[in-house]
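Handing you a structure now.
Numbering starts at 1 and runs along the sequence shown.
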Amino acid sequence: MASLFGRVRARARERSLVGDWSGGTVTPPSMWSMPGGPAKSGQEQPCAEYLQAASVYKANGPIFAVSQARAKVFSEARFLYRRMRDGRPGDLHDDGSEDLELLRRPWPGGHTTDLLARMAQDVDLCGNSFIVRRNGRLRRLRPDWVTIVVGSELDPELAGDALDGELLGYIYHPHGAATGQRDEHFLMADEVAHWAPTPDPHFMQRGMSWMTPISREMSADHAATVHKLKYFENGAVSGLVATLPSSVTPEMFRRFMEEFNANHQGAGNAYRTMFLGGGAEVRNMGNNLQQLTFTSTQGAGETRIAAAAGVPPIIAGFSEGLQAATYSNYSQARRAFADQTIRPLWRSAAQALSTIVAEPEGSELWYDDRDVAFLREDRKDSAEIQGRQAQTIRTLLDGGFDSDTVVPAVASENFRILEHSGLYSVQLRPANAESDGSGVPAKSAPINPDSVPTVVDPATVDPKDPK
């Protein structure tokens with residue numbers, strides 16, 4: 001496959017790779033329309049609608065709210081290594097390597113928080129995040145300027161879906177592929193950390209934004225916001241009909257309409273007294289916001305948006321979540337948000353970054369959430385678990401297991417790594433038992449009653465003496 005990618009590079013230098021290799025490019029499904037069929041090309045632009053998605057992100061309040069709720073918690077984690085033993089996870093550790101330091105300071109003035117915030121934002125907008133390691137620092141690639149290249153020797157037209165389809169690498173177009181500028185940068189697959197937590201069903205290597213399935217809800221929320229704005233702009237009523245006598249001429253009607261709109265249209269003129277003459281009659285032909293159950297209608301749309309993002313409405317501050325808000329409900333929602341949304345994102349992000357970060361032998365790149373303030377209310381449950389673990393540790397130590405293996409075994413829930421010291425508790429050893437040096441206690445000798453010292457001679461005690 002490396003030679004195939006080499007041929008791709010050579011062909012791109014001769015002419016545009018975008019319109020030449022493997023049957024041309026595929027226009028990805030628009031996030032505002034129903035998705036099309038499977039991809040049939042060796043190239044795929046993960047996010048052709050990136051600018052449109054960014055515009056929605058900046059202009060739509062519920063979308064911004066749920067994205068911020070995800071990013072604020074997600075960006076609080078840190079990265080460490082986690083030991084693996086017998087296929088089971090162990091303790092977290094820092095080996096002082098440059099790779100972890102690179103994740104802590106990915107670029108000048110940047111920290112892990114900035115790196116994770118950028119990754120979360122790219123995934124929210126288009127389902128894909130690309131991080132490349134160059135010259136001792138990390139660089140974020142704008143996702144709509146990246147093309148995924150997948151090759152196949154058997155069926156290039158199917159590429160990603162072919163039997164021998166394989167990811168070859170990525171092409172980065174600093175000005176966008178559509179500009180036609182010949183300044184592409186070719187990156188091998190192991191040079192790029194590609195994070196796509198939600199797979200796209202139409203392309204093997206591409207991720208999908210959680211905003212894609214709710215395009216209708218976003219459009220409906222935008223329409224509801226516009227409706228609410230027009231309600232106030234037009235005088236805080238949903239529709240007035242003014243009726244004039246048939247004797248009114250078109251010129252008189254025009255002058256009446258201009259005067260009426262000037263004095264009664266707009267939120268600033270709401271509830272002003274109307275003075276009408278000449279047989280004019282005004283009737284309200286619409287409903288107010290309460291009659292339209294506007295709050296419930298808009299709140300239901302916000303809830304669907306929050307559900308797609310994996311954010312409980314109470315966490316995002318939406319009206320339907322706040323109506324049922326109690327401390328117990330918030331605690332349950334917070335735990336569900338952490339366990340079902342944030343922790344899977346942390347896990348997949350660590351696995352993606354492990355492509356460009358060296359991992360020590362016997363360890364894997366992992367996240368550390370112990371200092372995340374959002375999860376501190378779990379400390380009570382954590383304290384109860386640690387209390388039970390402490391009892392287990394005490395039991396194992398009393399049973400003679402090696403102290404150096406007891407704590408790792410309990411922490412990783414892997415008792416196969418326990419090692420016995422050969423020493424037993426006094427309750428398991430016969431009296432006066434002595435070890436023969438093998439760690440197994442020797443059989444005790446019978447006790448001679450004459451060898452047991454007595455404090456008082458029974459023959460000298462007078463039974464009648466009370467003392």
Side-chain angles (χ1 to χ4, degrees), residues 57 62-80 82 88-89 92 112-113 115-129 194-201 206-215 217-218 299-354 364-385 413:
Y57 175 82
I63 295 295
F64 181 79
V66 295
S67 296
Q68 284 295 292
R70 289 160 55 101
K72 287 180 180 178
V73 181
F74 178 76
S75 60
E76 285 293 306
R78 298 179 299 157
F79 289 107
L80 291 173
R82 186 174 69 170
R88 294 286 301 173
L92 299 173
T112 306
T113 300
L115 172 64
L116 293 178
R118 278 293 185 181
M119 294 175 64
Q121 187 180 68
D122 288 342
V123 164
D124 284 351
L125 295 182
C126 67
N128 299 268
S129 174
H194 179 195
W195 182 40
T198 304
D200 191 321
R206 183 180 65 187
M208 184 184 74
S209 169
W210 58 263
M211 296 167 60
T212 302
I214 56 169
S215 58
E217 278 72 17
M218 291 188 293
E302 293 175 348
T303 301
R304 291 170 66 89
I305 292 174
V311 180
I314 189 175
I315 300 296
F318 290 161
S319 58
E320 288 199 355
L322 296 176
Q323 288 175 0
T326 64
Y327 181 81
S328 176
N329 290 348
Y330 181 83
S331 179
Q332 294 173 1
R334 176 190 51 77
R335 178 171 297 179
F337 179 48
D339 293 343
Q340 300 178 15
T341 301
I342 298 299
R343 286 195 172 97
L345 290 177
W346 278 332
R347 178 170 59 250
S348 60
Q351 292 170 348
L353 289 171
S354 65
E364 65 176 351
L365 184 65
W366 201 246
Y367 63 90
D368 181 10
D369 61 352
R370 292 174 293 184
D371 296 326
V372 178
F374 185 78
L375 305 179
R376 285 178 182 171
E377 293 187 12
D378 290 339
R379 294 307 182 203
K380 180 180 178 180
D381 296 336
S382 178
E384 293 178 356
I385 294 174
E413 300 180 359

Exercise. Could you state the interatomic distance from CD (Q121) to CZ (R70), rounded to the nearest 0.5 Å?
Worked result: 12.0 Å
Seminar exercise, completed: A333 and I314 have their tightest heavy-atom pair at CB-CG2, 3.3 Å
Seminar exercise, completed: One should read off an interatomic distance between I63 CD1 and E302 CD, to the nearest 0.5 angstrom, of 10.0 Å
For this session: Compare all side-chain heavy atoms of M211 with those of S67 and state whether any distance is below 4.5 angstrom.
Result: no
Problem set entry | pair E76-I342: side-chain heavy atoms closer than 4.5 Å | no
Exercise. Of all residues at least two apart in sequence or in a different chain, which pass the salt bridge (Lys or Arg N to Asp or Glu O under 4.0 Å) check with R78?
Worked result: D368, D371
Exercise. Can you check whether D124 reaches Y57 side chain to side chain, under 4.5 Å on heavy atoms?
Worked result: no
Problem set entry | For A65 against A316, the heavy-atom pair lying closest together | CB-O, 4.3 Å
Exercise. Is V66 close to F318 at the side-chain level, that is, under 4.5 Å between some pair of heavy atoms?
Worked result: yes
Exercise. Looking at SG of C126 and CG of D200, how far apart are the two atoms once the value is rounded to the nearest 0.5 Å?
Worked result: 11.0 Å
Exercise. Nearest 0.5 Å, what's the CZ-CZ distance between R347 and R343?
Worked result: 10.0 Å
Seminar exercise, completed: Scanning both residues in full, the closest heavy-atom pair of A309 with T341 reads O-CG2, 4.1 Å
Problem set entry | L116 CG to S129 OG distance, which is reported to the nearest 0.5 Å | 9.5 Å
Problem set entry | Closest non-hydrogen atom pair, P344 against A338 | CD-O, 4.3 Å
For this session: Evaluate the side-chain proximity of W210 to T198: yes if any heavy-atom separation is below 4.5 Å, no if none is.
Result: no
Exercise. Any donor-acceptor pair under 3.5 Å linking the side chain of S348 with the backbone of L345?
Worked result: yes
Exercise. What heavy-atom pair brings W346 and F74 nearest, and what distance separates the two atoms?
Worked result: NE1-O, 2.8 Å
For this session: Answer yes or no: is there a side-chain heavy-atom contact under 4.5 Å between Y367 and L80?
Result: no
Exercise. Regarding Q332 and R335, is there a side-chain donor-to-acceptor distance under 3.5 Å anywhere?
Worked result: no
For this session: Could you tell me which non-hydrogen atom of R206 sits nearest to which non-hydrogen atom of A196, and how far apart they are?
Result: C-CB, 4.5 Å
